[in-house]
Asker: 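My structure is below; once you've seen it, I'll send some questions.
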Amino acid sequence: MFAGLVPLILGAEFIQPYSHPRTLSLLVGPGASYTERISGNSAVSGLAAQLDLGASLSVGYGHDEVFLMARGSTGAPGEEVSLVGGFRSVFGDESWQTFVDLGATVRPFSGPWVGPRIGLGVRHLISDQLALFGGLGFTFGFGSGLRGDVEAFTGVQWMFPVGSQ
């Protein structure tokens, strides 16, 4: 009854799910955003330049990460500092990978504003320690009125192992 399974079992390759070390990454990169916001009787909209500086930590079995970034921006909507954090789900095992970000953005000084964020992007692994990434993000903000942000972001990710999972 089980004789047919013997060749299958002998030919199977054992994969150890926790064999890859946990990775800590530093993230830095420029971007641009367009904002529409309504606060009281005033409405503001316009383009802004942004700079992200943050870190991520790998979680789970694949290349998925949790991340936290400080974002400074300046432009027509005004100067802002915000915190962007969430979960990045990465797809693909080759040098080109796609990702989806699910998280939140907090703008404590210019409102305050808090809201959900979704991002879609592409990452290219140059080496085991360096990657380039870019994508589009969408944020809705609630608090001192309503706001919506559309962003284009790019960056460099410097990765290094910090232990085993």
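Because only heavy atoms are used, hydrogens play no part in the values below, and waters and symmetry mates are left out as well, while side chains stay in.
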Asker: Are more than 12 heavy atoms, taken from residues, nucleotides or ligands other than Ile38, located less than 6.0 Å from that residue's CD1 atom?
Answerer: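 No, not enclosed.
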Asker: Just so I know, are the side chains of Val150 and Ser33 near enough to count as touching, which here means a heavy-atom distance under 4.5 Å?
Answerer: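 Result no, sub-4.5 Å side-chain heavy-atom pair not found.
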Asker: Is any side-chain heavy atom of Met159 closer than 4.5 Å to one of Leu125?
Answerer: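 The answer is yes; the side chains approach within 4.5 Å.
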Asker: Who else is in the cluster with Val44 when I, L, V, M, F, W and Y are joined by side-chain contacts under 4.5 Å?
Answerer: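 In the cluster with Val44 there is nothing else; it is isolated.
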Asker: Could you measure the distance from the CG atom of Leu130 to the CH2 atom of Trp158? Nearest 0.5 Å is fine.
Answerer: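 Leu130 atom CG to Trp158 atom CH2 measures 10.0 Å (nearest 0.5 Å).
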Asker: About how many Å separate OG of Ser25 and CD of Glu65, when rounded to the nearest 0.5 Å?
Answerer: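 Going from CD on Glu65 over to OG on Ser25, the span is 5.0 Å.
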Asker: Salt bridge (charged side-chain N to carboxylate O under 4.0 Å, His left out): which pairs involve residues 137-146, sequence neighbours left out?
Answerer: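 Checked against salt bridge (charged side-chain N to carboxylate O under 4.0 Å, His left out) - neighbours excluded - no pair reaches residues 137-146.
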Asker: I'd like to check the side-chain hydrogen bond (donor to acceptor under 3.5 Å, both in side chains) partners of Gln97; sequence neighbours left out, ordered by chain and number.
Answerer: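 Expected list: Arg123.
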Asker: Throw together a table of side-chain donor-acceptor distances under 3.5 angstrom for residues 113-120, partners on residues two or more places apart or in other chains.
Answerer:
unit_1, atom_1, unit_2, atom_2, d
Trp113, NE1, Ser110, O, 2.4
Arg117, NE, Glu151, OE2, 3.3
Arg117, NH1, Asp101, OD2, 3.3
Arg117, NH2, Glu151, OE2, 2.7

Asker: Show me the pairs that pass salt bridge (charged side-chain N to carboxylate O under 4.0 Å, His left out) and involve residues 31-49, at least two apart or across chains.
Answerer: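 Sorted result for residues 31-49: Arg37-Glu80.
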Asker: Which distance, rounded to the nearest 0.5 Å, do you find between the CG of Leu24 and the OG of Ser58?
Answerer: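 That separation rounds to 8.5 Å.
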Asker: How long is the straight-line distance from CG of Asp52 back to OG of Ser73, given to the nearest 0.5 Å?
Answerer: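 It is 9.5 Å, given to the nearest 0.5 Å.
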Asker: To which residues is Val81 joined in a hydrophobic cluster, defined by side-chain heavy-atom contacts under 4.5 Å among Ile, Leu, Val, Met, Phe, Trp and Tyr, whether direct or through other members?
Answerer: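 Noted: Val81 shares its cluster with Phe109.
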Asker: Are Arg107 and Asp149 ion-paired here, with the side-chain N under 4.0 Å from a carboxylate O?
Answerer: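 Answer for the salt bridge query: yes.
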Asker: Applying side chain to side chain contact (heavy atoms under 4.5 Å, CB included), run through Thr35 and Arg147 and close with a yes or a no.
Answerer: CA-CA 7 Å; Thr35 301; Arg147 80 179 282 155; 3.2 Å; yes
Asker: Using every non-hydrogen atom in the two residues, find where Ser45 and Ala76 come nearest and quote the distance to one decimal.
Answerer: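 Minimum heavy-atom separation between Ser45 and Ala76: O-CB, 4.1 Å.
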Asker: For a quick test of reading the model, state the closest non-hydrogen atom pair linking Pro112 to Pro108 and the distance between them.
Answerer: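 Residues Pro112 and Pro108, closest heavy atoms: CB-O, 3.9 Å.
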Asker: Drop me the distance from Leu102's CG to Ser89's OG, to the nearest 0.5 angstrom.
Answerer: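 Between atom CG of Leu102 and atom OG of Ser89 there are 8.0 Å.
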Asker: Under 3.5 Å, is there a donor on one side chain and an acceptor on the other for Gln129 and Gln157?
Answerer: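 Per modelled atom types, Gln129 and Gln157 side chains form no pair under 3.5 Å.
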Asker: Give a yes or no on this: more than 12 heavy atoms of other residues, nucleotides or ligands lie within 6.0 Å of atom OH of Tyr34.
Answerer: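 Atom OH in Tyr34 is crowded, with more than 12 foreign heavy atoms closer than 6.0 Å.
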Asker: What are the two closest heavy atoms between Gly111 and Ser144, and how far apart are they?
Answerer: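 For Gly111 and Ser144, the tightest heavy-atom pair comes out as O-OG, 2.6 Å.
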Asker: Going by side-chain contact (heavy atoms from CB on, under 4.5 Å), name the residues that satisfy it together with Leu53, two or more places apart in sequence or in a different chain.
Answerer: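 Val28.
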Asker: Which pair of heavy atoms, one from Arg22 and one from Val59, lies closest together, and at what distance?
Answerer: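 Taking Arg22 first and Val59 second, the nearest heavy atoms are NH1-CA, 4.0 Å.
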Asker: Could you work out, with side-chain hydrogen bond (donor to acceptor under 3.5 Å, both in side chains) as the rule, every residue matching Glu79, not counting sequence neighbours?
Answerer: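 Residues passing side-chain hydrogen bond (donor to acceptor under 3.5 Å, both in side chains) with Glu79: Thr74.
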Asker: Before you tell me yes or no, could you show the steps for Leu83 and Thr105 under side chain to side chain contact (heavy atoms under 4.5 Å, CB included), namely the whole-Å CA-CA distance, both residues' side-chain angles and the distance that decides it to 0.1 Å?
Answerer: CA-CA 6 Å; Leu83 294 174; Thr105 300; over 6 Å; no
Asker: Residues two or more places apart in sequence or in another chain: which of them pass ring pair (Phe, Tyr, Trp, His ring centres under 6.0 Å) with Phe91?
Answerer: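 By the ring pair (Phe, Tyr, Trp, His ring centres under 6.0 Å) rule, Phe91 matches no residue at all.
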Asker: If you look only at pairs with a residue in residues 126-135, which of them pass as a salt bridge (charged side-chain N to carboxylate O under 4.0 Å, His left out), with sequence neighbours excluded?
Answerer: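 Applying salt bridge (charged side-chain N to carboxylate O under 4.0 Å, His left out) to every pair that reaches into residues 126-135, excluding sequence neighbours, yields nothing.
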Asker: For Asn41, enumerate each residue passing the side-chain hydrogen bond (donor to acceptor under 3.5 Å, both in side chains) test, keeping only those at least two apart in sequence or located in another chain.
Answerer: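 Scan of Asn41 (side-chain hydrogen bond (donor to acceptor under 3.5 Å, both in side chains), adjacent residues dropped) gives none.
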Asker: Hey, what else clusters with Val84 if you join Ile, Leu, Val, Met, Phe, Trp, Tyr whenever side-chain heavy atoms sit under 4.5 Å?
Answerer: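 Its cluster partners, ordered by chain and number, are Leu27, Phe67, Met69, Val90, Phe99, Phe133, Phe153.
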Asker: Start with the C-alpha gap between Leu57 and Thr23, add the side-chain angles, then the distance that decides, and say whether side chain to side chain contact (heavy atoms under 4.5 Å, CB included) holds.
Answerer: CA-CA 6 Å; Leu57 183 65; Thr23 303; over 6 Å; no
